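What you see is a predicted model; the values in this text were computed from it and never measured. To find a chain, count down the sequence lines: A is the first, B the second, and so on, and within it residues start at 1.
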Amino acid sequence: MSYDEIYKLAIEHGFFSPSCEIYSDFQAGFWEYGPLGVALKNNYVNLWRRELVRRDGMVEIDGTQIMSKNVFVASGHLESFADPIVVCTKCGTTTRADRMISERAGISLPEGLPEQEYDALIAKHNLKCTNCKGDYGRVKRFNMMFRVGIGPKDDDAYLRPETCQSIFVDAPRLFKTMRLKLPIGFAQFGKSFRNEIAPRQSLVRLREFYQCEIEVFFNLKKADDQAKFQDVKDVKLPIQRADGTFIEVTAEESVSQKIVPNQLVAYYLALLKEFYDKTGIDTKRARFRELSPEDRAFYARSAFDFEVQTSLGWMELVACNYRSDYDMGRHGKVSNHDVTVPDDNEKVLPHIFEISMGVDRSIYCVIEHAYAKENDREVLRIKPQLAPIVAGIFPLVNKDGLPEKAQHIYHSLKRDFPVFYDESGSIGRRYRRQDEVGTPICITVDYDTMKDGTVTLRDRDAMSQQRIKIEEIQNHLSSLVRLQD
RNA sequence: GCGGCAUUAGUCCAGCCUGGCAGGACGUCAGCUUCCCAAGCUGAAGGUCGCGGGUUCGAAUCCCGCAUGCCGCACCA
């Protein structure tokens, strides 16, 4: 199950494909979801809503993708979401200034120096372009946010680089109008945008991508007082610690052994793991990787990445960041709004724990982990709840009224379930076609159907068959796709 | 962004070195066959040979530039 095989399957069957591909000026890092991809993504997001949003009693919003400049002044992205780069005046080669200087001058540099300091260091060490020995220009910051010009005056605004900023700016109103109390999770599914220098591997590193983000607002004083924690205290958490050691402990042990900072964090890590179990991604090949201070995002005070093993190596699907009171503190200051929240007669500046999920990458992993190549067939063993098509419906042969009967069944089901009718090729060929796109069940109308009103149900994984009555199909499909604990 | 390799039908690839009708397999479609697990028979459709420029009587083929993809570096959901 290599990346190439998954990629081929995906573009051949309409899971995903490059954006704007018929034009030669199409840009890297933009990908479309086709019909099956959309279905899979919708199912995935609905599972997230069930297992995280509703399970924990969160509230979901849908914010705009374009946000005003001051949002990012406050968030720090205008300042910090940028790499210092320097361009050679002669050959135009672009280099990362901080890395280039520390490598060639043999010194280690602190993060976030002003640009002039880099210029001074380049002059002091007499550094010239490695490519052509030309002089470097002034050090600039390359910001990974996409700027957009609003209206005829082209006013500055930005495409959000993370969906959570919408949550932060909406939270003050939501607390007042939705009768919310700490702790509360805000959830959002939507697009974010980052002007990556090197997008790669289709859904894995995009410039325009989906996130399912959860921002849990809480009172720091009560972070170890989580009633809900009882539900998940025995969930096993595989943790790769910042020092490189690996340990598998229960959520309860992770707190008592001070591996994670508090109950609240452990609770959500456990919830997240239980969610991924239900996506069909193999969580035996997953871990929470604790990030060292150097590896963390600029806003994070402690961080665990949820990573999964794939053919491309360990892939980071979710960033779990403890963002402290940084976000609401900054937005309060810059907007000059009171963003504190009443909690037990005290005004609290909420602390935030975030579960920031890369949806596209997760979709890729769902497909890769479900894919199996057997002797003479390819099969996606995707969970029925996530399957783009729930059932294929076929006539065994194309005569004697079988197609009409099968079509009748198809029409009776199509508004309640994503079902697919096919009468082309041999029956075995049709089963294999559905195997390749992960359809869990195929329903075949044969001569017995005409006599006794039963159909064959053919199972994708076991390739076994059973007969059920036509009237039972509806219930059978319902129980197949029902999300269960 | 740098370095290496690549880009020809929906997919995988041959053709390129040595310029001269754009091909194969699989897939798809139509028909035949078929009472349950692909690749049986007959036929068909499907191509700006990544884009742009140059050399040439003539370019998929040679040269230059760009884009995209893969791998490595770096960065990240």
Atom pair CE (A:Met315) and SG (A:Cys365), whose distance is rounded to the nearest 0.5 Å: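 Between A:Met315 CE and A:Cys365 SG, I get 4.5 Å after rounding to 0.5 Å.
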A:Phe186 ring center within less than 6.0 Å of A:Phe217 ring center: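 Here the rings of A:Phe186 and A:Phe217 have centres that are less than 6.0 Å from each other.
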Check: A:Phe16 ring centre within less than 6.0 Å of A:Tyr33 ring centre: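 No - the distance between ring centres of A:Phe16 and A:Tyr33 does not fall below the 6.0 Å cut-off.
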Sugar-phosphate only, base, or nothing, as touched by A:Ile443 at under 4.0 Å among non-hydrogen atoms: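 Answer is nothing: A:Ile443 stays at 4.0 Å or more from every strand.
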For atom CH2 of A:Trp31 and atom C1' of B:rU68, their distance in whole Å: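 Computing the A:Trp31:CH2 to B:rU68:C1' distance gives 9 Å.
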Contact letters for nucleotides 25-40 of chain B, in which S counts primed atoms plus P, OP1 and OP2 and B counts the base, heavy atoms under 4.0 Å: --SSS----BBBBB--
P gap between B:rG27 and B:rU42, integer Å: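 Their P atoms lie roughly 15 Å apart.
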Rounded C1' spacing from B:rC75 to B:rA9 in Å: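 Result for the C1' pair: 37 Å, nearest Å.
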A:Arg361 (side chain) and B:rC76 (base): donor-acceptor pair under 3.5 Å: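 When only heavy-atom distances are counted, A:Arg361 does reach the base of B:rC76 through a donor-acceptor pair under 3.5 Å.
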Residue matched to B:rC26 through Watson-Crick or wobble contacts both under 3.5 angstrom: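 Looking at the geometry, B:rC26 pairs with B:rG10.
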Complementary nucleotide of B:rU48, counting Watson-Crick and G-U pairs under 3.5 Å: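 Partner of B:rU48: none.
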Passing option when A:Tyr364 is tested against A:Leu317, A:Ile6, A:Val359 for side chain to side chain contact (heavy atoms under 4.5 Å, CB included):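 Single side chain to side chain contact (heavy atoms under 4.5 Å, CB included) partner of A:Tyr364 among A:Leu317, A:Ile6, A:Val359: A:Ile6.
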